[in-house]
Asker: 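Quick one: the structure is below, and I'll ask about it shortly.
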Amino acid sequence: MDRLKRRSEFRAVGRGRRISRPGFVLQALRATETGREPRFGFTVTKKIGNAVVRNRIRRRLREVVRLSAAGGASESTDYVLIGRRAALRLPFDRLVDDLSSGMAALSQNEAAGSGSRA
């Protein structure tokens, strides 16, 4: 899994499509170059809690992506997951299902030619 690490990369994805789920907000942006693996970024704001809480949410989201995103992620696309507090209390299987459905919804919007946010 390739990762987004620079602020400029996160900001660029923020201008793309987005879809909201109870445990996170999923943002996606199709890159101009083709044939590369999808990249993922994870962020949790300080409003959510202290460093321990934010890191727990980030770790859960990374594991969700590791387990489920390989099949549903579109190539040459950058994704950012913005964690929410609910990501701590939601069952792990629910987070996996939400990620899969979110990626499917974003790819449907793209296929339909929707230039607006979801």
Asker: Name all pairs fulfilling the side-chain hydrogen bond (donor to acceptor under 3.5 Å, both in side chains) condition that reach into residues 96-105, sequence neighbours left out, sorted by first residue then second.
Answerer: Arg21-Ser101, Arg94-Asp98
Asker: For a quick test of reading the model, state the closest non-hydrogen atom pair linking Gly14 to Gln27 and the distance between them.
Answerer: CA-OE1, 3.7 Å
Asker: If the condition is salt bridge (Lys or Arg N to Asp or Glu O under 4.0 Å), which residues does Arg39 pass it with, not counting sequence neighbours?
Answerer: Glu9, Asp78
Asker: Checking Glu75 now: which residues fulfil salt bridge (Lys or Arg N to Asp or Glu O under 4.0 Å) with it, not counting sequence neighbours?
Answerer: none
Asker: Go through the structure and list residues passing salt bridge (Lys or Arg N to Asp or Glu O under 4.0 Å) with Arg89, not counting sequence neighbours.
Answerer: none
Asker: Would you list the atom pairs, donor with acceptor, under 3.5 Å between side chains in residues 43-51 and any protein atom, with sequence neighbours excluded?
Answerer:
from, atom 1, to, atom 2, distance (Å)
Asn50, OD1, Val52, N, 3.2
Asn50, OD1, Val53, N, 3.1

Asker: More than 12 non-hydrogen atoms from neighbouring residues, nucleotides or ligands closer than 6.0 Å to CZ on Arg56, yes or no?
Answerer: no
Asker: Quick check: closest heavy atoms across Gly102 and Leu26, and the distance to 0.1 Å?
Answerer: C-CD2, 3.8 Å
Asker: Show which residues join Val25 in its hydrophobic cluster (side-chain heavy-atom contacts under 4.5 Å, direct or indirect), or state none.
Answerer: Leu4, Phe10, Val13, Leu29, Val80, Ile82
Asker: For a quick test of reading the model, state the closest non-hydrogen atom pair linking Pro38 to Tyr79 and the distance between them.
Answerer: CB-CE1, 4.1 Å
Asker: Is it true that Arg66 and Glu63 have a side-chain N and a carboxylate O under 4.0 angstrom from each other?
Answerer: yes
Asker: Return the minimal non-hydrogen interatomic distance between Leu95 and Gly23, and the atom names on each side.
Answerer: CD2-CA, 4.2 Å
Asker: Check Leu81 against Phe40 and note the closest heavy-atom contact, atom names and distance.
Answerer: CD1-CD2, 4.3 Å
